[in-house]
Amino acid sequence: MAGTAVRGRLTWQTATVASVLDETPSVRTVLLEVPEWPGHRAGQHLDVRLTAEDGYQAERSYSIASAPGEPVAITVERLEDGEVSPYLTQELRAGDQIEVRGPIGGYFVWEAATGGPLLLAAGGSGVVPLRAILRYRVMVGSPVPVRLLYSSRSWADVIYQDELSRPSPGVSVIHTLTRSHPDGWTGYTRRVDAAMLAQVAFRASAGPLAYVCGPTNFVEAVAAGLVGLGYPAGRVRTERFGASGQ
Ligand SMILES: Cc1cc2nc3c(=O)[nH]c(=O)nc-3n(C[C@H](O)[C@H](O)[C@H](O)COP(=O)(O)OP(=O)(O)OC[C@H]3O[C@@H](n4cnc5c(N)ncnc54)[C@H](O)[C@@H]3O)c2cc1C
């Protein structure tokens with residue numbers, strides 16, 4: 001039938017929730033069955049559209065949390081006063097349907113041929129596309145060294161805690177906890193700053209590629225800090241989630 005043979009990635013389609021998983025008290029991963037998913041690359045996002053009974057629609061973007069080839073998953077942080085994220089993290093159940101379109105984005109993407117070393121920096125739910133990159137790196141057997149600098153409010157707010165705690169050859173995960181930390185915590189306890197980046201980031205002379213993702217203020221501070229360390233601006237890829245607080 002004309003019009004249905006080729007489904008573009010910007011065409012809305014109905015996805016069914018396969019399962020939901022609480023990552024932290026305010027963050028939930030939603031696994032989706034998307035019948036005509038064309039496949040995605042590590043770092044891309046999709047759009048979600050919700051329609052209320054009165055026809056009101058709201059659209060938001062969510063990074064894809066799963067690696068290429070894995071079922072599509074998104075990980076959503078609840079903003080208490082938000083319009084869409086409370087529904088996705090509290091109301092949505094297995095079997096429910098939502099509209100999605102994608103995958104979207106070609107710049108904040110990592111492929112094996114892209115190389116490294118990789119400096120990944122995440123603020124809060126900004127870790128989502130970086131998790132897809134980490135999983136994909138393992139999947140393709142890439143030896144590229146990775147450092148993930150991950151800023152969370154507290155240890156309880158660390159998303160993918162078990163997965164990131166498991167040793168992975170060539171990968172270092174460095175946490176900073178900005179609001180509270182467990183007794184005996186020896187890691188960083190402040191927002192990412194130039195001194196922290198100087199300690200954690202690969203030297204610019206090693207030719208690293210950086211992926212920085214999170215709230216807009218986090219991304220801008222980290223990107224500026226990396227450029228200050230000599231990273232060429234073109235080697236610092238950024239994804240801004242908007243003005244949520246970190
Ligand atoms: C490419 C991309 C990828 C993203 N990936 C993720 C992801 O993986 N996980 C994730 O959790 N989020 C992600 N986001 C953010 C996501 O799209 C939503 O912005 C987020 O879920 C909040 O949506 P909401 O409807 O709950 O909040 P909104 O209703 O949009 O509100 C957001 C904030 O803005 C404030 N606000 C709303 N309207 C106004 C106004 N008129 N004046 C002043 N303040 C206002 C609200 O109080 C709230 O604090 C991504 C964003 C982008 C652009």
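The residues of the chain are indexed from 1 along the displayed sequence. Just so we're clear, the structure is a prediction, and the values are computed from it rather than from any experiment. Order of listing sets the numbers, starting from 1, for every ligand and every atom in it.
- Taking a 4.0 Å cut-off on heavy atoms, P86 registers as neighbouring ligand 1.
- Counting heavy atoms closer than 4.0 Å to ligand 1, residue V84 contributes atoms from both its backbone and its side chain.
- Nearest-heavy-atom check against atom 8 (O) of ligand 1 across S63, S26, A58 picks out S63.
- A 6.0 Å sphere centred on CG of D183 holds no more than 12 heavy atoms belonging to other residues, nucleotides or ligands.
- Here the CG atom belonging to L120 is positioned 9.5 Å from the CG atom belonging to L149, to the nearest 0.5 angstrom.
- The ligand atoms of ligand 1 that sit less than 4.0 angstrom from a heavy atom of L79 are 22 (C), 32 (C).
- Short contacts between ligand 1 and E239, defined as distances under 4.0 Å to a heavy atom of the residue, involve ligand atoms 1 (C).
- For ligand 1, the polar-atom distance check finds no N/O of H45 at less than 3.5 Å from any of the ligand's N/O atoms.
- Every atom of ligand 1 with a heavy atom of T75 under 4.0 Å away is listed here by number and element: 7 (C), 8 (O), 9 (N), 10 (C), 11 (O).
- Less than 4.0 angstrom separates some heavy atom of V128 from each of these atoms of ligand 1: 8 (O).
- Salt-bridge check for E91 with R93: failed, with every basic side-chain N at 4.0 Å or more from each acidic carboxylate O.
- The backbone N or O of A73 sits less than 3.5 Å from a side-chain atom of S66, completing a donor-acceptor pair.
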- Query: side chain to side chain contact (heavy atoms under 4.5 Å, CB included) between H45 and Y62: does it pass, once the steps are laid out?
  - Reply: CA-CA 5 Å; H45 65 275; Y62 291 97; 6.0 Å; no
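- The backbone N or O of V27 sits less than 3.5 Å from a side-chain atom of T24, completing a donor-acceptor pair.
- Between E77 and R28, none of the side-chain N atoms (NZ, or NE/NH1/NH2) sits under 4.0 Å from a carboxylate O, so this pair counts as no salt bridge.
- When all heavy atoms of P25 and A156 are compared, the closest pair comes out as CD-O, 3.8 Å.
- Atom CZ of R190 has more than 12 neighbouring heavy atoms from other residues, nucleotides or ligands inside a 6.0 Å radius.
- Heavy-atom proximity to R60, at under 4.0 Å, picks out these atoms of ligand 1: 17 (O), 18 (C), 23 (O), 24 (P), 25 (O), 28 (P), 29 (O), 30 (O).
- The contact set between ligand 1 and V76, taken as ligand atoms under 4.0 Å from a residue heavy atom, comprises 11 (O).
- In E83, the parts holding a heavy atom less than 4.0 Å from any atom of ligand 1 are both the side chain and the backbone.
- Heavy atoms of R78 come nearer than 4.0 angstrom to ligand 1 in no pair at all.
- Each of the atoms 52 (C), 53 (C) of ligand 1 lies under 4.0 Å from some heavy atom of R240.
- Atoms of ligand 1 lying under 4.0 Å from at least one heavy atom of G82, given by number and element, are 24 (P), 26 (O), 27 (O), 28 (P), 29 (O).
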